[in-house]
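To start, the structure itself, in structure tokens.
Since this is a predicted model, take the numbers as computed values, not measurements. For the single chain, residues carry numbers from 1 onward in sequence order. Every number for a ligand or one of its atoms is a count from 1 in the order of the listing.
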Amino acid sequence: MQDPHWWRQAAVYQIYPRSFADSNGDGIGDLRGITSRIPYLKSLGIDAVWLSPFYPSALADGGYDVDDYRDVDPKLGTLADFDEMIAALHQAGIKLIADIVPNHTSDRHAWFQEALASQKGSAARDRYIFRDGKGPDGDEPPSDWDSVFGGPAWERTEDGQWYLHIFAREQPDLNWDNREVRDDFLKTLRFWSDRGVDGFRVDVAHALTKDMTEPLPSKAELGPEGENNNGQHPFWDRDEVHEVFAEWREVFDEYTPPRTAVAEAWVHTDRRARYASPEGLGQAFNFDLLRADWNPGQFRDIITKNLTEAASSGASSTWVFSNHDVVRHATRYGFPLAGSESTPTETARDWLMSGGTEPDLDHELGERRARAVTQLMLALPGSAYLYQGEELGLHEVAEIIDEDRQDPTFFRNTGVDVGRDGCRVPLPWTKAGESFGFGIGGSHLPQPAWFSDYAVQVQESDSHSHLSFYRRALKLRRELQGDEDFEWIEERSPEVLHFTRLGGWHCVTNFSSGPVDLPAGRVVVLSSSPLVDGRLPSNTTAWLA
Ligand code: GLC
Ligand code: CA
């Protein structure tokens, strides 16, 4: 229990709380719902839960607009419910990673309300990024920057000043040069750590510190997010951000075992190690596999590069195929087009945007490949991050009518981007009944009829189901996992990826279109689809021991 390295090779399951399980029938998933499903989490075989924001919020951005960092959203429960949930998780041997959102508050946060009610130049405004506008009446924004969700990154307030919001207008950016802001977050980290939280997932960690020296550069002069800006971009990936995380590390290290953290930082691969250093957050997401095509060369390069990089920072690598921001991976890999120039994510987005309907999708191929890549991921050294519903092989829900959509990406880009609601639809637990067992009072995002076939109840009674496969894979992973060693084994065909871990655990994935032979003299302990005449069929991964 006290192992300080527990996170290095953990299987972490992300819960998007509003869509997991609803205990009181108001259509919104909640903390008691999670507590009631802990036996399910335990049977899945995960090591930790990453809980997406559960703080009071108007849900302008699915909870990533936080009104109060040290409380629970009344729609989700109370602090007492939180304490009960974490105690029950720990009892079941499952850690809890809380999502923390330091780049911006919500516009309902007491600080922002105070800033609006205060004078220009006041201490209350200095906690955020307020500026006068340009033009004779100051009615043009301070710069032409776009927000990540589309539309301008500046919003005008009643007295004529503008504030910066890199995301939605309900998410004003904090000023991390302000000591009070820094201290308040240290207080928040202690607040949750004292309540037993084992680690933190740090939302947009690469945006906190900003250089707002005038004149502000125009957007044409800015490099895009994620490019190698060498710390020169006014808000993405500045070097000073690591001073913030060094202070956080001191707080994490006050606890036994030290609290952990994983950075969400969409930065150039070469700069990721800074976030993952032991003096900083300790670990950082890489979204490289999540963007990979069904292409063995890409997989191989990504794996090699990330393992090398993790070794250089002292962190372990992270792997992820799905989360609450992207089209589900069973769907991404269900496009026969995947393999063309564009990544599966782009292909899937294009399909969604063009009003794509579910029949266009090759469901079976998508699920089969999703199992194959997941099994490959689970054999890699490092932590595997799983997203609720992927264990069921769920696909993206394409058919959501405009009136039901919730994501600000949709509202700020009408007709251009349908947004992320399709991966956030409440889970199906039972084959039939109200909201497929999610709750007794409907579901805040509508569930499609086909969810019935994917329900937990249906899959639990089928030993060949996606869920049964995940359970077996996670259980075996625990048994087979040793140190973080890794070695590629060369195969005759570049379409076959084969690697081994020191203990003699082999993982072979067949990306080619026909069956291949498996290495002789070993026993197949798991395959993502059935073997054919003892051979590994296409779109399949096998583990041998
Ligand atoms: C992160 C979250 C995303 C959210 C954004 C703004 O990227 O994963 O869901 O919209 O930050 O907080
Ligand atoms: Ca509820």
**Report entry** Positive for side chain to side chain contact (heavy atoms under 4.5 Å, CB included) with W50, one of I97, I15, L96
**Finding:** I97

Go ahead and list the nitrogen or oxygen contacts between ligand 1 and the protein that come in under 3.5 Å, distances to 0.1 Å, or just say none.
| from | atom 1 | to | atom 2 | distance (Å) |
| --- | --- | --- | --- | --- |
| ligand 1 | 7 (O) | E264 | OE1 | 3.3 |
| ligand 1 | 7 (O) | E264 | OE2 | 2.7 |
| ligand 1 | 8 (O) | R201 | NH2 | 3.0 |
| ligand 1 | 8 (O) | H324 | NE2 | 2.9 |
| ligand 1 | 8 (O) | D325 | OD2 | 2.5 |
| ligand 1 | 9 (O) | H324 | NE2 | 2.9 |
| ligand 1 | 9 (O) | D325 | OD1 | 2.7 |
| ligand 1 | 9 (O) | R420 | NH1 | 3.3 |
| ligand 1 | 10 (O) | D61 | OD1 | 3.2 |
| ligand 1 | 10 (O) | D61 | OD2 | 2.6 |
| ligand 1 | 10 (O) | R420 | NH1 | 3.0 |
| ligand 1 | 11 (O) | D203 | OD1 | 2.8 |
| ligand 1 | 11 (O) | D203 | OD2 | 3.1 |
| ligand 1 | 12 (O) | H104 | NE2 | 2.9 |
| ligand 1 | 12 (O) | D203 | OD2 | 2.8 |

Query raised in the report: What protein N/O/S atoms sit under 3.0 Å from the Ca ion (ligand 2), by chain and number?
Result: D22 OD1, N24 OD1, D26 OD1, I28 O, D30 OD2

Under 3.5 Å, is there a donor-acceptor pair between the [X] and [Y] side chains?
| X | Y | answer |
| --- | --- | --- |
| W7 | S383 | no |
| Y128 | N178 | no |
| T209 | H242 | no |

Requested in this report: Indicate the ring-plane relationship of F285 and Y385, choosing parallel, tilted or perpendicular according to the 30° and 60° boundaries.
Outcome: perpendicular

Query raised in the report: Should the pair W236 and H233 be assigned to parallel (<30°), tilted (30 to 60°) or perpendicular (>60°) ring geometry?
Result: tilted

Query raised in the report: Is the shortest distance from a Lys or Arg side-chain nitrogen in R420 or D61 to a carboxylate oxygen in the other one below 4.0 Å?
Result: yes

Requested in this report: Please check if the side chain of D68 supplies one atom and the backbone of Y55 the other of a donor-acceptor pair under 3.5 Å.
Outcome: no

Requested in this report: Could you walk me through whether E390 and R328 pass the salt bridge (Lys or Arg N to Asp or Glu O under 4.0 Å) test, one step at a time?
Outcome: CA-CA 7 Å; E390 70 167 81; R328 284 187 177 278; over 6 Å; no

